[in-house]
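Keep in mind that this is a model prediction, so the values were computed, not measured.
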Amino acid sequence: MDTLQAIILAIIEGLTEYLPVSSTGHMIITSSFFGIADDEFTKLFTIVIQLGTILSVVVLYFKRFFQSVDFYLKLLVAFIPAVILGLLFSSTIDALLESPLVVAISLLIGGIVLIKVDDWFGDEQGTEISYKTAFKIGMFQCLAMVPGVSRSAASIIGGMSQKLSRTAAAEFSFFLAVPTMLGATAKKGFDYYQDGLTLSSEQIELLVIGNVVGFVVALFAIKTFIGYLSKNGFKVFGYYRIFIGVLLLVIHYFISPLSI
């Protein structure tokens with residue numbers, strides 16, 4: 001991986017992490033295009049730069065992170081399903097993360113869901129999140145272990161299914177991203193170390209650049225997304241996902257088979 005590739009990947013991470021379009025899917029597609037998807041450092045990089053996007057949420061919602069102990073307990077309840085399923089199906093998840101074809105199919109199916117989700121749930125005005133609601137949102141988030149599903153989309157839809165407004169569901173999804181990404185980063189870093197791999201000074205520099213770029217871009221993406229979502233809903237994201245999913249399938253079946 002060179003510096004330009006690192007910057008491009010970080011921009012994509014920052015733009016897509018909190019949008020319902022699957023940041024992981026876009027990272028897999030982009031790194032495959034660059035021909036670096038199978039590199040162990042690339043796999044580490046795409047996870048670790050999520051720390052920058054985490055920081056963007058903390059900065060934008062700084063006061064919300066110090067409102068009450070109850071806030072953290074609800075995040076913990078929502079986070080638990082991902083921890084359990086992530087540990088149980090770690091090897092399966094790692095295998096799926098190497099499949100652009102799985103991403104294409106997930107993007108397509110998820111796009112259809114996003115086009116219909118406003119009709120299914122409307123925009124309820126609920127903002128209060130109970131422990132039961134938090135747990136159910138956490139269960140929905142686990143669907144994103146399949147690359148291309150989108151952690152943001154799954155958790156937001158989970159919130160809307162519990163009669164939360166689009167904005168309330170999206171904001172809780174942002175908050176839930178913090179422990180989820182921290183956990184994923186810690187696990188990936190530990191696995192990298194366990195495999196006997198080390199980081200060179202150049203790779204550390206790329207990680208720093210990636211986190212800084214991801215942080216700045218995510219600040220913009222979150223503020224823009226919340227404003228757009230509250231007024232317009234999910235349809236444009238659904239159509240975008242369908243377009244990308246169909247494009248990847250056309251490439252796979254008519255031009256050059258995607259790695260599966």
Side-chain angles (χ1 to χ4, degrees), residues 1-34 36-37 39 41-66 75 97 103 141 144 147-148 150-156 166-167 169-186 188-189 192 199-232 234 236-237 240-241 244:
M1 180 187 298
D2 58 34
T3 302
L4 179 60
Q5 290 171 337
I7 292 173
I8 292 173
L9 286 171
I11 291 173
I12 292 172
E13 166 63 23
L15 284 174
T16 60
E17 181 58 53
Y18 298 107
L19 302 183
V21 296
S22 179
S23 63
T24 301
H26 281 72
M27 298 285 269
I28 292 173
I29 293 167
T30 306
S31 59
S32 296
F33 175 79
F34 287 150
I36 58 174
D39 181 70
F41 174 71
T42 299
K43 296 175 184 178
L44 178 71
F45 179 88
T46 58
I47 299 297
V48 173
I49 62 171
Q50 292 176 343
L51 292 174
T53 61
I54 291 173
L55 184 58
S56 68
V57 173
V58 177
V59 169
L60 286 174
Y61 293 93
F62 185 76
K63 292 182 179 179
R64 298 281 290 275
F65 278 90
F66 294 93
L75 285 183
L97 287 173
V103 171
Q141 179 179 244
S150 169
R151 189 206 61 80
S152 178
S155 53
I156 292 173
R166 289 192 292 255
T167 299
E171 289 181 343
F172 188 77
S173 172
F174 298 161
F175 303 149
L176 182 55
V178 174
T180 302
M181 292 181 193
L182 282 174
T185 300
K188 189 63 179 179
Y192 196 81
L199 294 172
S200 66
S201 59
E202 290 81 6
Q203 289 174 329
I204 293 174
E205 181 178 333
L206 291 177
L207 289 174
V208 172
I209 292 172
N211 275 286
V212 171
V213 173
F215 168 74
V216 174
V217 175
L219 285 175
F220 167 80
I222 292 172
K223 296 181 71 172
T224 303
F225 175 54
I226 284 293
Y228 181 89
L229 182 65
S230 62
K231 297 177 181 178
N232 301 287
F234 291 97
V236 68
F237 301 105
Y240 170 77
R241 289 177 62 115
I244 298 298

Q: Working to the nearest 0.5 angstrom, can you tell me the gap between Thr46 OG1 and Ile28 CD1?
A: 8.0 Å

Q: Could you note down all residue pairs passing salt bridge (Lys or Arg N to Asp or Glu O under 4.0 Å) where residues 205-230 supplies at least one of them, sequence neighbours left out?
A: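 The answer is none; no pair qualifies.
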
Q: Hey, does the side chain of Thr42 reach the backbone of Ile36 with a donor-acceptor pair shorter than 3.5 angstrom?
A: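 Here the side-chain-to-backbone pair exists.
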
Q: For Ile7, enumerate each residue passing the side chain to side chain contact (heavy atoms under 4.5 Å, CB included) test, keeping only those at least two apart in sequence or located in another chain.
A: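 Once residues adjacent in sequence are excluded, the partners of Ile7 under the side chain to side chain contact (heavy atoms under 4.5 Å, CB included) criterion are Thr3, Ile11, Ile209.
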
Q: Does any pair with a residue in residues 14-25 pass salt bridge (Lys or Arg N to Asp or Glu O under 4.0 Å), and if so which ones, sequence neighbours excluded?
A: Glu17-Arg151

Q: Working to the nearest 0.5 angstrom, can you tell me the gap between Glu13 CD and Leu51 CG?
A: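 Between atom CD of Glu13 and atom CG of Leu51 there are 10.0 Å.
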
Q: Keeping to residues at least two apart or across chains, list the side chain to side chain donor-acceptor pair (under 3.5 Å) pairs with something in residues 47-65.
A: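 Passing the test, one end in residues 47-65: Arg64-Glu171.
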
Q: Should we count OH of Tyr228 as having more than 12 external heavy atoms under 6.0 Å?
A: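 Enclosed.
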
Q: My understanding is that only residues two or more places apart in sequence, or in another chain, count here; which of them pass ring pair (Phe, Tyr, Trp, His ring centres under 6.0 Å) with Phe172?
A: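 Counting only residues at least two positions away or on another chain, Phe172 forms no ring pair (Phe, Tyr, Trp, His ring centres under 6.0 Å).
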
Q: Taking it one step at a time, do Tyr192 and Leu199 satisfy side-chain contact (heavy atoms from CB on, under 4.5 Å)?
A: CA-CA 10 Å; Tyr192 196 81; Leu199 294 172; 3.8 Å; yes

Q: Please report the closest heavy-atom contact between Met27 and Ile49, naming both atoms and the distance.
A: CE-CD1, 3.6 Å

Q: Who passes ring pair (Phe, Tyr, Trp, His ring centres under 6.0 Å) against Phe225, sequence neighbours left out?
A: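 Ring pair (Phe, Tyr, Trp, His ring centres under 6.0 Å) check on Phe225 returns Phe237.
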
Q: Working to the nearest 0.5 Å, report the span between CG of Leu182 and CD1 of Ile54.
A: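 One finds 4.0 Å between CG of Leu182 and CD1 of Ile54.
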
Q: So, taking the atom named CG in Asp39 and the one named OG in Ser31, what distance separates them when rounded to the nearest 0.5 Å?
A: 10.0 Å

Q: Indicate the atoms forming the closest heavy-atom contact of Lys43 with Ala37, along with that distance.
A: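 Closest pair (atom of Lys43, atom of Ala37, distance): CE-O, 3.6 Å.
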
Q: Over all heavy atoms of both residues, which pair between Leu207 and Asn211 is shortest? Give the atoms and the distance, please.
A: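 Between these two residues, the closest heavy atoms are O-ND2, 2.8 Å.
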
Q: To the nearest 0.5 Å, tell me how far Thr167 OG1 sits from Lys231 NZ.
A: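 Atom-to-atom, Thr167:OG1 and Lys231:NZ are 11.0 Å apart.
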
Q: Between Ile12 and His26, what is the shortest heavy-atom contact and its length?
A: CG2-CB, 3.6 Å

Q: Can you tell me how far the CZ atom of Phe45 sits from the CE atom of Met1, to the nearest 0.5 Å?
A: 5.0 Å

Q: Provide the closest heavy-atom pair for Ile222 versus Phe174 in the form atom of the first, atom of the second, distance.
A: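 Closest approach of Ile222 to Phe174: CG2-CE1, 3.6 Å.
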
Q: Quick one: closest heavy-atom pair of Arg241 and Pro20, and the distance?
A: NH1-O, 3.1 Å

Q: Keeping the roles fixed (side chain from Ser173, backbone from Ala169), state whether a donor-acceptor pair exists under 3.5 Å.
A: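 Checking the backbone N and O of Ala169 against the side chain of Ser173, no donor-acceptor pair under 3.5 Å is found.
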
Q: Determine yes or no for a side-chain-to-main-chain donor-acceptor pair under 3.5 angstrom, with Thr224 supplying the side chain and Ala221 the backbone.
A: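 No, Thr224 side chain to Ala221 backbone: no donor-acceptor pair under 3.5 Å.
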
